[in-house]
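Quick note on labels: first sequence line is chain A, next is B, and so on, each numbered from 1. Side chains are part of it too, since the values below use all heavy atoms of this structure and drop only hydrogens, waters and symmetry mates. Predicted model only: the values in this text are computed from it and were never measured.
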2 protein chains.
Amino acid sequence: MFRNFLDLMVLRLVQQEPLWGYKIIKYAMEKHGISIRHGALYPLLNNLEREGYLKSRKEAMNGRVRKIYEITSKGMKIVNTYNDYLKEQIEEAGIKT
Amino acid sequence: MFRNFLDLMVLRLVQQEPLWGYKIIKYAMEKHGISIRHGALYPLLNNLEREGYLKSRKEAMNGRVRKIYEITSKGMKIVNTYNDYLKEQIEEAGIKT
DNA sequence: TACGATATGTCTCTTTAGAGACATGTCTCA
DNA sequence: TGAGACATGTCTCTAAAGAGACATATCGTA
């Protein structure tokens with residue numbers, strides 16, 4: 001079905017806007033209070049790209065190179081499936097939004 | 001934060017009504033189309049009880065013994081935290097329920 | 001009485017995930 | 001020039017998870 005929570009969080013963050021690793025770590029902390037170790041994230045990003053869920057381009061910003069990721073249609077499928085699942089669960093739990 | 005998807009599904013199913021292992025497997029398939037192997041579920045249920053998220057009682061039904069699980073307040077905390085997280089994600093994704 | 005469904009459990013093997021260290025390099029500002 | 005933020009990567013060790021078999025026992029029905 002899905003992957004795990006971390007994979008999904010990364011896919012969802014990147015889906016909202018193209019992001020690079022360092023920023024993903026910042027966002028996860030700021031938006032969700034979740035700390036992601038970079039030693040876990042960078043290999044994960046490379047895996048997600050290798051498996052076709054994300055694609056990257058390198059961008060030089062003031063001499064520092066960022067590897068910016070965007071979601072692919074294959075990645076969007078995962079996110080959409082997850083969103084449907086969320087909706088189902090929300091309805092099941094009777095939560096009002 | 002949380003545990004994994006399987007743990008949460010089990011906690012949420014048991015929270016809806018007291019259930020035993022065999023029925024959880026049936027429900028997961030009927031309600032979500034997800035197959036749970038019994039070799040994974042029974043140890044998990046025992047762990048969740050040992051850690052205080054669930055409590056069980058044995059009930060004899062027509063000579064067959066069922067181990068019926070109920071959620072504890074500690075288990076409810078996990079479910080509620082997860083529901084808040086769901087709500088957050090739903091709002092973030094702009095999904096209408 | 002044999003089969004399929006109900007019901008719960010363990011065990012081993014393999015794969016995957018996680019913690020944390022090792023490694024490198026730039027930029028900005030004090 | 002030194003500290004802290006920015007930026008990305010690998011590696012090893014350990015812990016956890018998953019697949020699938022082994023194991024047992026009852027009930028209902030054909």
(message) Heavy-atom count check: over 12 atoms from other residues, nucleotides or ligands less than 6.0 Å from A:Lys23 NZ?
(response) no

(request) Please report, rounded to the nearest Å, how far the P atom of D:dT8 is from the CH2 atom of A:Trp20. (result) 8 Å

(request) When you get a sec, tell me which of D:dA23, C:dA7, D:dA7 is the closest nucleotide to the side chain of B:Tyr22? (result) C:dA7

(request) Name the residue closer to the 5' end of DNA chain C, choosing between A:Asp7 and A:Gly39 according to the nucleotide with the nearest heavy atom. (result) A:Asp7

(request) Indicate whether OP1 or OP2 belonging to D:dA17 is found under 4.0 Å from a side-chain N or O atom of B:Asn4. (result) yes

(request) Would you kindly give the CZ-to-P distance between B:Phe5 and C:dA17, to the nearest whole Å? (result) 13 Å

(request) Send over the distance from B:Ile36 CD1 to D:dG20 P, rounded to a whole Å. (result) 16 Å

(message) Using a heavy-atom cut-off of 4.0 Å across all strands, would you classify A:Lys58 as base, sugar-phosphate, or nothing?
(response) nothing

(request) Provide, to the nearest angstrom, the distance between the CG atom belonging to A:Leu44 and the P atom belonging to C:dT16. (result) 14 Å

(request) Establish, with yes or no, whether the OP1 or OP2 oxygen of D:dA19 is under 4.0 angstrom from a side-chain nitrogen or oxygen of B:Arg37. (result) yes

(message) Among C:dG25, D:dT10, C:dG9, which nucleotide has an atom closest to any side-chain atom of A:Arg64?
(response) C:dG25

(message) Applying a 4.0 Å non-hydrogen cut-off, can you work out what B:Gly21 is touching in the nucleic acid: base, sugar-phosphate, or nothing?
(response) sugar-phosphate

(request) In whole angstrom, give the distance that lies between atom NZ of B:Lys67 and atom C1' of C:dT10. (result) 13 Å

(message) Once hydrogens and angles are ignored, does a donor-acceptor distance under 3.5 Å link the base of C:dA7 to the side chain of B:Arg66?
(response) no

(message) Are more than 12 heavy atoms, taken from residues, nucleotides or ligands other than B:Lys77, located less than 6.0 Å from that residue's NZ atom?
(response) no

(message) Measuring only between side-chain heavy atoms, which start at C-beta, is B:Val14 closer than 4.5 Å to B:Leu48?
(response) no

(request) Starting from the 5' end of DNA chain D, give me the residue, B:Asn47 or A:Tyr69, whose nearest nucleotide shows up first. (result) A:Tyr69

(message) Of the options C:dA7, D:dG9, D:dC6, whose atoms approach the side-chain atoms of B:Tyr42 most closely?
(response) C:dA7

(message) Tell me the interatomic distance from A:Leu8, atom CG, to C:dA17, atom C1', rounded to whole angstroms.
(response) 15 Å

(message) Any salt bridge linking B:Glu70 with B:Arg57? Criterion: basic side-chain nitrogen under 4.0 Å from a carboxylate oxygen.
(response) yes

(message) What is the distance, to the nearest angstrom, from the NZ atom on B:Lys23 to the C1' atom on C:dT6?
(response) 11 Å

(request) Tell me whether the OP1 or OP2 atom of C:dA5 has a side-chain N or O from B:Lys26 closer than 4.0 Å. (result) no

(request) Starting at atom CZ of B:Arg50, determine the distance to atom P of C:dT10, rounded to an integer number of angstrom. (result) 11 Å

(request) Report the distance from atom CZ of A:Phe5 to atom OH of B:Tyr82, rounding to the nearest 0.5 Å. (result) 5.0 Å

